[in-house]
Amino acid sequence: MTEFELIRTFFARQPVSRADVAAGIGDDAALLRPPAGQLLAVTSDLLVSGVHFLSDVDPHSLGHKALAVNLSDLAAMGAEPAWFLLNLALPEVDAPWLERFCAGMFDLARAYNVQLVGGDTSRGPLVIGIEAHGFVPEVAALRRSGARAGDRIYVTGTLGDAAVALRHRLGKQRLSGDDFAAVVERLDRPVPRVHEGVALRGLAHSAIDISDGLVADLGHILEQSQVGARIFLDKIPLSPVCQAHVGKSGWEAPLAMGDDYELCFTVPPKNTEALEKLQFACGLHCIGEIEAEPGLRIVDESGKPYHSTFTGHDHFAESKQGDT
Ligand code: ADP
Ligand code: MG
């Protein structure tokens, strides 16, 4: 199969359904029409075999996740996704593998009406780079820098499930078949909180998506907003499986292992009523409050300070190398 057959067979098959795509795959560059008066939100994420995923991962999940993590970044800006590019290095043309990878990716693309408009393909060790574009009205963009003292801190969904599933898959901990089944989708097929991010426009002061763990990612909001926070362990939303895990192994999974792809955001008290009326299907929990004093204070179930030594996932930290 030639490179062009590969592109035609696998990547150019999504019908162009968006009116803002004047030219998609097939020319030297895509031609796109961003809506007048909105900001273009642009993000990219790189997934490297052996670093971000195990080499034997199900390609359908991989295609889903590669796009989902980018849509999650757009959601955290309050942006509505529109287009994406796919940069792929492949060791060989494995047609069944590519078929499953594309099915996972395009199923998710269809669910959010995002169009693949270009990319690049090369032989090499398996690396997947996706760049996604979305739109957000200038005044409505949700930045990390907007948190103010008094804001309530919220998270969508539940935290720690992907981490618990990963620990099981790596053989570091054993889950029953039912328990693994209850959390594995959170690891392999995260649902980007796109509708929730758009709904937060005009309500939230700041937002981030949790990819490196709550402590690290909330830490980015605190640093960029030059504020501090107090959060309560007993308010952190946990699934029953994660709750049981925390009882045995402590708080690292929901606080620091990441891969949650939930939104963490801050809302001024005047907007909390409107927020809670939104009734997100994924769930929504207030876990604490922004304070003027810098630093993150975590309070445990008995009201005592909890000292976290977790730093979140960092690819270049000395002691941790590529396990997520
Ligand atoms: P060029 O050599 O001009 O960069 P390519 O041969 O790399 O062109 O790509 C031809 C067309 O196919 C372009 O429109 C490009 O965006 C698209 N394309 C290439 N690889 C991919 C891919 N992995 N996913 C989507 N589109 C791709
Ligand atoms: Mg090219």
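Counting starts at 1 for both ligands and their atoms, in listed order. If you read the sequence from its start, that first residue is 1, and numbering goes on from there.
Residue-level proximity to ligand 1 for I7 is carried by the side chain, the only part with a heavy atom below 4.0 angstrom. Only backbone heavy atoms of D27 (N, CA, C or O) come within less than 4.0 Å of ligand 1; its side chain stays farther off.
A donor-acceptor contact shorter than 3.5 Å is absent between the side chain of Q224 and the backbone of R144.
Comparing A12, G26, G119 against atom 16 (O) of ligand 1, the shortest heavy-atom distance belongs to G119. Across D28, T121, L85, heavy-atom proximity to atom 23 (N) of ligand 1 is greatest for T121.
Within ligand 1, the atoms closer than 4.0 Å to a non-hydrogen atom of L86 are 22 (C), 23 (N), 24 (N), numbered from 1 in the order shown. Using a 4.0 Å cut-off to heavy atoms of I25, the atoms of ligand 1 that qualify are 12 (O), 14 (O), 17 (C), 25 (C), 26 (N).
Between F4 and ligand 1 there is a heavy-atom distance shorter than 4.0 Å.
If you check the side chains of S55 and S49, you find no donor sitting under 3.5 Å from an acceptor.
Residue D120 has at least one N or O atom closer than 3.5 Å to an N or O atom of ligand 1. Taking only nitrogen or oxygen atoms, main chain and side chain alike, V117 does not reach within less than 3.5 Å of ligand 1.
For the pair Q173/H168, no side-chain contact is recorded, criterion being any heavy-atom separation below 4.5 Å from C-beta on. The shortest side-chain heavy-atom distance between P268 and H205 falls under the 4.5 Å cut-off. The side-chain heavy atoms of L159 and C242, taken from C-beta on, include no pair separated by under 4.5 Å.
More than 12 heavy atoms of other residues, nucleotides or ligands sit less than 6.0 Å from atom CD of E5.
Between W83 and H133, the ring planes lie perpendicular to each other; the angle is over 60°, past the 30° to 60° tilted range.
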